[in-house]
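Right, one structure below, let's go through it.
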Amino acid sequence: MRKSVVAIVGRPNVGKSTIFNRLVGERISIVEDIPGVTRDRIYAQAEWLTSTFNLIDTGGIEIGDEPLLVQMRQQAEVAIDEADVIVFLLNGREGITAADEEVAKLLFKSNKPVVVAVNKMDNPEMREEIYEYYSLGFGEPYPISGSHGLGLGDLLDAVVGYFPEISDVETKEDTIYFSLIGRPNVGKSSLVNSMLNEERVIVSEIEGTTREATDTYLKRDDQDYVIIDTAGMRKRGKVYETTEKYSVLRALKAIERSDVVLVLIDAETGIREQDKKIAGYAHEAGRAVILVVNKWDTVETNEKTMKEFETKVRSHFLFLDYAPIVFLSAKTKKRLHTLIPAIKVASENHAKRIQTNVLNDVIMDAIAMNPTPTVKGKRLKVLYATQVAVKPPSFVVFVNNPELMHFSYERFLENKIRDAFGFVGTPIKIFARSRQ
Ligand code: GDP
Ligand code: GDP
């Protein structure tokens with residue numbers, strides 16, 4: 001299911017990141033008195049009443065040393081491309097500036113729903129000045145104060161009112177949704193093209209679903225798949241598409257809808273810091289992950305090279321020890337046929353359910369082999385375990401006292417569960433809960 005996306009657009013210093021932080025509910029981006037200060041996070045989940053949506057702070061996409069008007073235009077384009085509803089933020093203490101009018105023109109042409117919010121209206125008497133903002137042509141302007149948290153409820157009511165009917169594009173239970181992430185030029189679009197041209201793959205339509213325009217549908221061996229588009233796969237030549245923040249934003253958006261995420265690594269240039277960061281997002285989101293080493297055709301291979309490269313990949317991606325590594329070349333299609341079967345296996349494992357009695361047999365055998373630890377004379381007692389969720393598989397282990405469940409013992413139990421049930425490709429979660 002896709003969540004609605006809301007983007008905040010506005011000149012530097014009008015209060016975009018202040019509002020973003022308020023709505024996201026954590027102080028995750030840096031607010032300072034310096035215009036255009038770097039922000040850590042520009043895409044995050046927010047909630048209002050019963051709606052959960054994703055919020056973009058377009059001010060966080062650093063577009064470089066462009067003049068203000070150019071930057072504003074690009075931020076507006078990001079919002080138009082990525083959002084379902086746009087919040088156009090103005091500074092109520094400065095009135096409407098020429099740059100605001102320029103942005104208004106672009107937003108108007110886009111036909112996207114736009115809600116005008118007039119910020120820094122810290123006292124009620126300032127609300128008299130709101131009428132000027134009707135002239136922008138987007139209907140009722142909402143007076144707010146980001147720093148005092150005023151007026152945000154009314155603003156959000158208006159925003160949520162514009163969410164598309166089925167903002168949740170239908171997903172089919174038995175269809176596997178996957179995305180490709182990785183730095184620019186790692187070969188994402190090449191790999192998608194090669195997959196679509198593979199002999200046993202049929203590019204298809206899936207009946208009875210509301211479709212997302214940028215998704216690609218395919219079928220192999222009677223299994224339906226959907227490839228979710230990521231930045232860099234559909235290049236349109238816009239300046240902001242090459243910025244790191246924008247590609248992260250697109251990756252997060254794609255990861256969210258995926259069952260399986262393919263993390264691409266370039267065999268030619270090797271592993272970079274950015275690769276780990278990107279892979280980290282997929283891991284944190286609890287998706288199934290496959291590490292794909294692309295451009296394998298550029299490596300002189302002998303019987304040892306693959307093993308050596310694998311060791312290198314493993315040492316860099318310790319947190320992805322469950323992810324299989326697939327070596328291939330999108331260009332020559334060498335080993336390409338191994339990818340879709342790996343996606344299928346990872347997806348099945350991500351959705352796998354283990355019966356409680358079978359699970360408990362494994363846990364009890366594990367405990368018999370490696371007795372539970374004692375902390376200050378108290379021994380951990382494991383009563384029973386049960387699987388509480390899939391995608392990713394999540395287990396609750398009922399114990400006498402959760403504080404006695406040491407990280408290393410939890411890890412031991414996880415390994416035993418993995419040995420017994422083979423959760424290749426998926427993270428699994430274990431929670432210790434108290435039960436007397
Ligand atoms: P951005 O560049 O649009 O993201 O703006 P920021 O969120 O960084 O805010 C710019 C400045 O305006 C900061 O000094 C904020 O503290 C201040 N600010 C934000 N919202 C309000 C508000 O509602 N009232 C007042 N008085 N100041 C605000
Ligand atoms: P993206 O930015 O991740 O979508 O990367 P592209 O698919 O545009 O590929 C970037 C460059 O790498 C292009 O010049 C491709 O031809 C090249 N490339 C992609 N896959 C391979 C591969 O398997 N082997 C080689 N040698 N080059 C590749």
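This structure is a prediction, so every number in the text was calculated from the model and none was measured. Just so you know, ligand 1 is whichever comes first in the structure, and atom 1 is the first atom listed for that ligand.
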For this session: Return the orientation label for the Tyr409 and Phe412 ring planes: parallel under 30°, perpendicular over 60°, tilted otherwise.
Result: tilted

For this session: Output, in order, the C-alpha distance, side-chain angles, deciding distance and verdict of salt bridge (charged side-chain N to carboxylate O under 4.0 Å, His left out) for Lys344 and Asp221.
Result: CA-CA 11 Å; Lys344 185 148 197 280; Asp221 302 333; over 6 Å; no

Exercise. Does Pro12 have a heavy atom less than 4.0 Å from any atom of ligand 1?
Worked result: yes

Exercise. Is the closest heavy atom of Met121 to ligand 1 under 4.0 Å?
Worked result: no

[atom]: which of [options] has the nearest heavy atom?
atom	options	result
atom 2 (O) of ligand 2	Asn185, Val186, Thr269, Val293	Asn185
atom 4 (O) of ligand 2	Gly182, Ser194, Gly187, Ser189	Ser189
atom 7 (O) of ligand 2	Pro184, Ser247, Ser190	Ser190

Looking at [X], which atoms of ligand 1 are within less than 4.0 Å of one of its heavy atoms?
X	answer
Thr18	6 (P), 7 (O), 9 (O), 15 (C), 19 (C), 20 (N)
Ser147	20 (N), 21 (C), 22 (C), 23 (O), 24 (N), 25 (C), 27 (N), 28 (C)
Lys16	1 (P), 2 (O), 3 (O), 4 (O), 5 (O), 7 (O)
Gly146	22 (C), 23 (O)
Arg93	26 (N)
Arg11	3 (O)

Exercise. What is the minimum heavy-atom distance between Leu262 and Val292, and which atoms define it?
Worked result: CB-CG2, 4.0 Å

Can you give me every donor-acceptor pair (side chain of residues 105-112, partner residue at least two apart or in another chain, under 3.5 Å) with its distance?
residue : atom : partner : partner atom : Å
Ser110  : OG   : Leu107  : O            : 2.7
Ser110  : OG   : Lys112  : N            : 3.1
Lys112  : NZ   : Ile80   : O            : 2.7
Lys112  : NZ   : Ala83   : O            : 2.6

Seminar exercise, completed: Checking Glu82, Lys253, Lys3, Glu256 against Asn54 for side chain to side chain donor-acceptor pair (under 3.5 Å), the one that qualifies is Glu256

For this session: Kindly say whether Ile8 contributes a backbone atom to a donor-acceptor pair with the side chain of Thr58 at under 3.5 angstrom?
Result: yes

Problem set entry | Test item: Asn197 side-chain N/O and Asn193 main-chain N/O as donor-acceptor pair under 3.5 Å | yes

Kindly confirm or rule out an N or O of [X] lying under 3.5 angstrom from an N or O of ligand 2.
X	result
Trp296	no
Lys331	yes
Leu191	no
Thr298	no

Exercise. In ligand 2, which numbered atoms sit nearer than 4.0 Å to a non-hydrogen atom of Ser329?
Worked result: 22 (C), 23 (O), 24 (N)

Exercise. Counting each atom of ligand 2 from 1 as listed, which ones have a heavy atom of Asp297 under 4.0 Å away?
Worked result: 22 (C), 23 (O), 24 (N), 25 (C), 26 (N)

Exercise. Is Lys334 atom NZ crowded by more than 12 heavy atoms from other residues, nucleotides or ligands, each under 6.0 Å away?
Worked result: yes

Exercise. Once you round to the nearest 0.5 Å, how far does CG of Leu252 lie from CD1 of Ile278?
Worked result: 10.0 Å

For this session: Mind checking whether Ile144 contacts ligand 1 via backbone (N, CA, C, O), side chain (CB onward), both or neither, at a 4.0 Å heavy-atom cut-off?
Result: neither

Exercise. Is Asp122 in polar range of ligand 1, meaning some N or O pair under 3.5 Å apart?
Worked result: yes

For this session: May I ask you to establish whether Lys276 and Phe317 are in a cation-pi arrangement, using a distance under 6.0 Å from NZ or CZ to the six-membered ring centre and at most 45° from the ring axis?
Result: no

Exercise. Can the ring centroids of Phe309 and Trp296 be said to lie less than 6.0 angstrom from one another?
Worked result: yes

For this session: Could you tell me whether Phe53 and Phe163 have their ring centroids closer than 6.0 angstrom?
Result: yes

